[in-house]
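Report on one structure; see the data block that follows.
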Amino acid sequence: MNPKFQSLRGTNDILPDESRIWSYLEDKISDIFRRFGYQEIRTPIFERTELFVRSIGQATDIVNKEMYTFTDRKERSLTLRPEGTAPVVRAYLQNQLYTKDEVWKLYYKGPFFRYERPQAGRERQFHQFGAEVLGVMNPAVDAEIIYLGYLILKSIGLDNCELLLGSVGCPVCRPGYEKVIVAEMKEHYSELCDDCKRRYKDNPLRMLDCKNDTCKKYLKKVPAFTENLCEYCKNYLAKIEELLKLLEVPFEITPNLVRGLDYYTHTTFEFIYPHLGAQATLIGGGRYNHLIEELGGEDVPACGFAGGMERIIAALKNEKKQLPISDELDVFVVHIGTECFKSAFQLLQKIRSGGMSADMDYRESSLKSQFRRADRFKTRYVIIIGEDELKNRTAKLKNMKTGDEESIKSDNIVSELKKRLIK
RNA sequence: GUGGCUAUGGUGUAAAGGUUGCACAAGAGACUGUGGCUCUCUUUGUACGGGUUCGAAUCCCGUUAGCCACCCCA
């Protein structure tokens, strides 16, 4: 078959076999967020373009080439949200949440959009969940945010991820360190790759992330940022390390963990699942102390992370772990002959009203094919209504696991099923 | 955005320019009221649009989509 339409590049239909996994994970993740005291927030799918430009950073790849931006009928530039933090901060300011409480712990989940070349683990419409703590500057928050990510991954069976931890400094020490990089790289400028030449001017810190061999060679001589942090930042990072050790979360200090969004300050971290190819980051996050001010609020500190659903599911599949997903059907109603259809249909709805899952074949299929169907649906009990049963005002109840059959009075079917299925 | 690889029933795979075959899945039956196992039968395909050729799944071009690497990020 050649359908007239197909989904756009980088977008996917999540079919029942997959959506079962999605719902399971979403429930599990929401549950953990709630246990940690986070409340859900839902923000619109699109915002003014300027919000993302201001928050993510003019010079970043996301803003420069990866946004789904369009003009609406009033000639406003709008953008499909490429990430979750900026909208949350916007909502926090717009709704003046800070007047109701100094501290907010929020979580979200949903679709996000980036115009990139798709690849396994990278879609144009992808799905993230995330958490933000607004209003507290304390290493305990950073540590808890990291622990939260750790626990989510662990509780779904991904307990062998690597945690990378770093710091991008603060306005006190970052400019100084950028000078160190620039000074060190000055004499090699002509040999740098094109990207690094640009970064040299725009954002020297990003050079540390370069994969080019020549650049890497020279960058090795640059002292690690973790050695050049100001006393405050150094202490802050050390306290997070201390708390993570307390919580028995293994981590690795990465001197050059630079993230692609400009708003980060101090803490940055990433959970990596190494067997996933190039798209290995499952969860990424950090502290963003000046974003709220940048978007027009007071200077409120904040910290958060986001995790990628598609990647987590890919990792889970790679692990070949069985998820405890139940797709069993409680009851399948089998009918024989036109006469019995009505009673079967009525009974079906009664069973459902009684709180059990039930289905039937709406076609007049053979008994055999109805049973085959019941079997495929992993049915626990089959109810059979035929002419004999109709005459005697009874139905046959068959336990599909044991094969046992018994005859039951019509009036008692629902209660008998309940007795067996609902504990 | 750059480079490379790929596209055959619903799914997974064969056919080295000459009849699109197999397995699984799906449907019907093998007992005139009973599923899983077995057996039989049936349905369904060369991604789309051009070109080369007597003849194209096969060669060429374009489109679309997927994959891989770069880039970036969740």
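Quick note on labels: first sequence line is chain A, next is B, and so on, each numbered from 1.
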To the nearest Å, how far apart are A:Gln119 CD and B:C67 P?
8 Å

Take atom CZ of A:Phe345 as the centre, draw a 6.0 Å sphere, and report whether it contains more than 12 heavy atoms from other residues, nucleotides or ligands.
no

Go nucleotide by nucleotide along RNA chain B from the 5' end; which of A:Pro118 and A:Arg311 gets its closest nucleotide reached first?
A:Pro118

In whole Å, what separates the P atom of B:U11 from that of B:C48?
14 Å

Going by ring centres under 5.5 Å and near-parallel planes (under 30°), is A:Phe126 stacked on B:A74?
yes

Which whole number of Å gives the distance between the C1' atom of B:U8 and that of B:G21?
11 Å

Rounded to whole Å, the CG-P distance (A:Asp375 to B:A25) equals 13 Å

Assign A:Arg373 to base, sugar-phosphate, or nothing according to its heavy-atom contacts below 4.0 angstrom with the strands shown.
sugar-phosphate

Looking only at atom C1', what distance separates B:U52 and B:G17, rounded to whole Å?
11 Å

First of A:Gly307 and A:Gly403 reached from the 5' end of RNA chain B, by closest nucleotide
A:Gly403

Qualifying residues under side chain to side chain donor-acceptor pair (under 3.5 Å), relative to A:Ser23, sequence neighbours excluded:
none

Determine whether more than 12 heavy atoms belonging to other residues, nucleotides or ligands lie under 6.0 Å from atom CD of A:Glu293.
yes

Look at the aromatic rings of A:Phe225 and A:Tyr177 and report parallel, tilted or perpendicular, splitting at 30° and 60°.
parallel

B:C72 OP1/OP2 closer than 4.0 Å to side-chain N/O of A:Arg124
no

Is there, by distance only and without an angle test, a donor paired with an acceptor across the side chain of A:Arg117 and the base of B:C67 below 3.5 Å?
no

May I ask you to check whether A:Tyr107 and A:Phe33 place their ring centers less than 6.0 Å from one another?
yes

Counting the atoms with a prime plus P, OP1 and OP2 as sugar-phosphate, which does A:Ala374 contact under 4.0 Å by heavy atoms, base, sugar-phosphate, or nothing?
nothing

Using a cut-off of less than 4.0 Å, is there contact between a side-chain N or O of A:Arg9 and OP1 or OP2 of B:G66?
yes

Pick base, sugar-phosphate or nothing for A:Gly84, based on heavy-atom distances below 4.0 Å to the nucleic acid.
nothing

Over how many whole Å does the gap from A:Phe377 atom CZ to B:G36 atom C1' extend?
15 Å

Protein-to-nucleotide contact annotation, 5' to 3' order, nucleotides 28-34 of chain B [B base; S sugar-phosphate only; - none; under 4.0 Å, heavy atom]:
BBBB-BB

Which whole number of Å gives the distance between the C1' atom of B:U44 and that of B:U20?
13 Å

When you compare B:G12 with B:U46, how far apart are their P atoms, in angstrom units rounded to a whole number?
16 Å

A:Gly10 near the nucleic acid: base, sugar-phosphate alone, or nothing, with a heavy-atom cut-off under 4.0 Å?
sugar-phosphate

Can a donor-acceptor pair under 3.5 Å be found between the side-chain atoms of A:Glu116 and the base atoms of B:C71?
no

Would you say A:Gln125 and A:Leu8 make side-chain contact, with heavy atoms under 4.5 Å?
no

For the residue pair A:Phe129 and A:Phe305, categorise the inter-ring angle as parallel (less than 30°), tilted (30 to 60°) or perpendicular (more than 60°).
perpendicular

Just the rounded figure in Å: distance from P of B:G66 to CD of A:Gln279.
14 Å

I need the CD-C1' distance between A:Gln128 and B:C72, as an integer number of Å.
13 Å

Calculate the interatomic distance between A:Ile156 atom CD1 and B:A74 atom C1'; express it in whole Å.
13 Å

A:Glu66 has an atom CD; how far is it from atom P of B:C72, in whole Å?
10 Å

Looking only at side chains, do A:Asn392 and A:Thr394 share a donor and an acceptor under 3.5 Å apart?
no

Would you list the protein and nucleotides 11-13 of chain B atom pairs, both N or O, that sit under 3.5 Å from each other?
none

Between B:G45 and B:C39, how many Å separate the two P atoms, rounded to a whole number?
26 Å

Under 3.5 Å, is there an N or O donor on one side and an acceptor on the other linking the side chain of A:Arg114 and the base of B:C72?
no

Examine A:Arg42 relative to A:Tyr108 and say whether NZ or CZ is less than 6.0 Å from the centre of the six-membered ring and inside a 45° cone about the ring axis.
no

Determine the Euclidean distance between corresponding C1' atoms of B:A47 and B:U42; express it in Å to zero decimal places.
26 Å

For atom C1', what is the distance between B:G1 and B:U43, given to the nearest Å?
45 Å

How many Å lie between CG on A:Leu8 and C1' on B:U63, as a whole number?
14 Å

Can you tell if the side chain of A:Ile146 reaches within under 4.5 Å of the side chain of A:Leu247, non-hydrogen atoms only?
no

What is the ring orientation for A:Trp22 with A:His127, classed by angle as parallel under 30°, tilted 30 to 60°, or perpendicular over 60°?
perpendicular

